[in-house]
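Whatever order the structure lists ligands and atoms in, that order sets their numbers, starting from 1.
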Amino acid sequence: MRKNIVAGNWKMNKDHEGALSLTSEVVHMAGDELTDDVTLVIIPPFPFLKPVSSLLPEESHVFLGAQNCHWENSGAFTGEVSASMLASIGVEYVVIGHSERREYFSETNEQLARKVDAVLNQGMIPIFCCGEPLEIREHGDPYQYVTKQLTESIFHLEENEMAKVVIAYEPIWAIGTGKTATSDQAQYMHAALRKHIEERYGKDLSSRISILYGGSCKPSNAPDLFSCEDVDGGLIGGASLSSRDFVDIAKSF
Ligand code: PEP
């Protein structure tokens with residue numbers, strides 16, 4: 001059975017105090033209101049990883065994630081953070097290939113393949129993001145665009161590594177815009193991505209990969225999206241900055 005995952009990408013938001021209070025609220029509410037069927041991942045900015053981790057109970061289904069990492073373990077890469085550094089402080093998930101990193105920091109599919117390797121080599125789980133921009137949705141072939149991202153960044157993995165990857169389908173036109181994909185649009189793309197994975201890795205493996213939806217997901221639309229057969233949760237941006245909204249989204253399965 002695949003995992004249901006709701007991951008909160010805080011992006012470049014919160015200060016130290018705000019990070020601690022948001023985490024405490026989420027941990028508290030999750031303990032009271034959620035069952036073990038949902039995995040929550042809190043993904044704060046780098047400076048808050050360690051303080052946030054100190055608030056996560058050992059026996060809990062709330063995990064720590066990072067927003068990015070470098071592909072090398074160490075070296076002269078000023079301003080970068082390596083996968084081994086993240087693993088050494090207890091990070092378990094790392095977002096790779098978020099559209100904001102692709103757009104503002106020119107990350108390429110080839111670089112992302114190396115980052116995915118680095119994360120897996122450190123025993124962590126990559127949340128690999130893919131998704132098409134508006135012009136491709138309106139005038140191009142979204143399926144071809146997104147499957148190319150998968151092929152070039154994760155299809156070099158051996159089966160046992162691929163089995164650990166979480167995919168987040170995030171249509172760029174829906175991120176932070178308030179414009180959500182309809183559940184039909186999400187289900188269509190998620191099923192197509194799963195089929196693409198099946199063609200490369202077989203049905204058994206493809207049926208075990210969690211594929212999350214991302215893009216203006218909130219408590220009001222999450223039940224509809226999460227009821228889709230191939231949608232296994234969400235990567236949540238804006239709504240993850242509110243503990244109430246984030247936990248309500250996680251209650252939507
Ligand atoms: C994201 O940043 O991955 C995201 C989905 O953002 P939002 O939920 O704000 O659209």
Side-chain angles (χ1 to χ4, degrees), residues 4-14 18-19 22 26 38-46 48-49 52 63-69 91 93-107 112 115-116 119 125-134 136-137 142 145-146 149-150 153-154 165-183 185-187 189-190 193 210-226 228 230-253:
N4 288 329
I5 301 173
V6 173
N9 171 18
W10 295 1
K11 311 192 189 197
M12 197 172 72
N13 289 298
K14 298 289 173 190
L22 178 54
V26 169
V38 191
T39 294
L40 287 189
V41 187
I42 294 183
I43 312 176
F46 288 135
F48 310 137
L49 283 167
V52 163
F63 296 89
L64 185 64
Q67 297 177 15
N68 177 36
C69 70
V91 169
Y93 290 80
V94 186
V95 174
I96 297 294
H98 192 280
S99 62
E100 288 151 17
R101 299 228 38 105
R102 293 175 187 265
E103 184 180 349
Y104 305 135
F105 303 97
S106 308
E107 295 193 350
L112 298 176
K115 291 186 178 206
V116 167
V119 170
I125 298 170
I127 301 178
F128 179 76
C129 301
C130 56
E132 79 287 356
L134 188 61
I136 297 291
R137 168 66 53 174
Y145 187 93
V146 176
Q149 293 177 323
L150 260 53
S153 297
I154 56 174
V165 173
V166 171
I167 292 173
Y169 168 61
E170 303 203 296
I172 298 170
W173 45 272
I175 296 181
T177 58
K179 201 172 169 187
T180 321
T182 63
S183 51
Q185 285 171 323
Q187 169 56 24
M189 192 58 98
H190 282 229
L193 294 180
S210 295
I211 308 181
L212 316 183
Y213 167 79
S216 299
C217 188
K218 40 189 183 279
S220 57
N221 56 29
D224 210 22
L225 288 160
F226 293 179
C228 298
D230 288 288
V231 177
D232 307 306
L235 180 55
I236 318 299
S240 72
L241 298 173
S242 150
S243 52
R244 185 67 273 158
D245 284 356
F246 186 55
V247 173
D248 279 350
I249 289 171
K251 285 163 80 177
S252 303
F253 288 100

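- The closest side-chain heavy-atom distance from I42 to S240 is not below 4.5 Å.
- For atom 1 (C) of ligand 1, the nearest non-hydrogen atom of the protein is H98 NE2, 3.2 Å.
- Counting heavy atoms only, G176 comes closest to atom 10 (O) of ligand 1 of the residues C129, G176, P171, A7.
- Protein heavy atom nearest atom 9 (O) of ligand 1, with residue, atom name and distance: G238 N, 2.8 Å.
- If you check which protein heavy atom lies closest to atom 8 (O) of ligand 1, you get G237 N, 2.9 Å.
- Applying the side-chain hydrogen bond (donor to acceptor under 3.5 Å, both in side chains) rule to Q67 yields no partners; only residues at least two apart in sequence or on another chain are considered.
- Contact check for V6 versus F226: side-chain heavy atoms found under the 4.5 Å cut-off.
- Heavy atoms from both the backbone and the side chain of I175 come within less than 4.0 Å of ligand 1.
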Exercise for review: Evaluate the criterion side-chain contact (heavy atoms from CB on, under 4.5 Å) for residue pair K115 and V94; output intermediate values, then yes/no.
Suggested key: CA-CA 9 Å; K115 291 186 178 206; V94 186; over 6 Å; no

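- Across all non-hydrogen atoms, the minimal contact from L49 to L64 is O-CD2, 3.6 Å.
- Less than 4.0 angstrom separates some heavy atom of L235 from each of these atoms of ligand 1: 3 (O), 5 (C).
- Ligand-side atoms of ligand 1 in range of G215: 5 (C), 10 (O), range being under 4.0 angstrom from any heavy atom.
- In this structure, K11 is part of the shell of residues with a heavy atom less than 4.0 angstrom from ligand 1.
- For S216 (side chain) and G178 (main-chain N/O), a donor-acceptor pair under 3.5 Å exists by modelled atom type.
- With sequence neighbours excluded, the residues that form a side-chain hydrogen bond (donor to acceptor under 3.5 Å, both in side chains) with N221 are T180.
- Geometrically, ligand 1 and T177 share no nitrogen or oxygen pair separated by less than 3.5 Å.
- For ligand 1, the atoms sitting less than 4.0 Å from at least one non-hydrogen atom of A174 are 10 (O), numbered in the order shown with element in parentheses.
- Of the N or O atoms in E170, one or more lie within a sub-3.5 Å distance of an N or O in ligand 1.
- In this structure, Y213 and S183 have side chains that are not in contact, with every pair of non-hydrogen atoms separated by 4.5 Å or more.
- Contacts of A168 with ligand 1, taken as heavy-atom pairs under 4.0 Å, are absent altogether.
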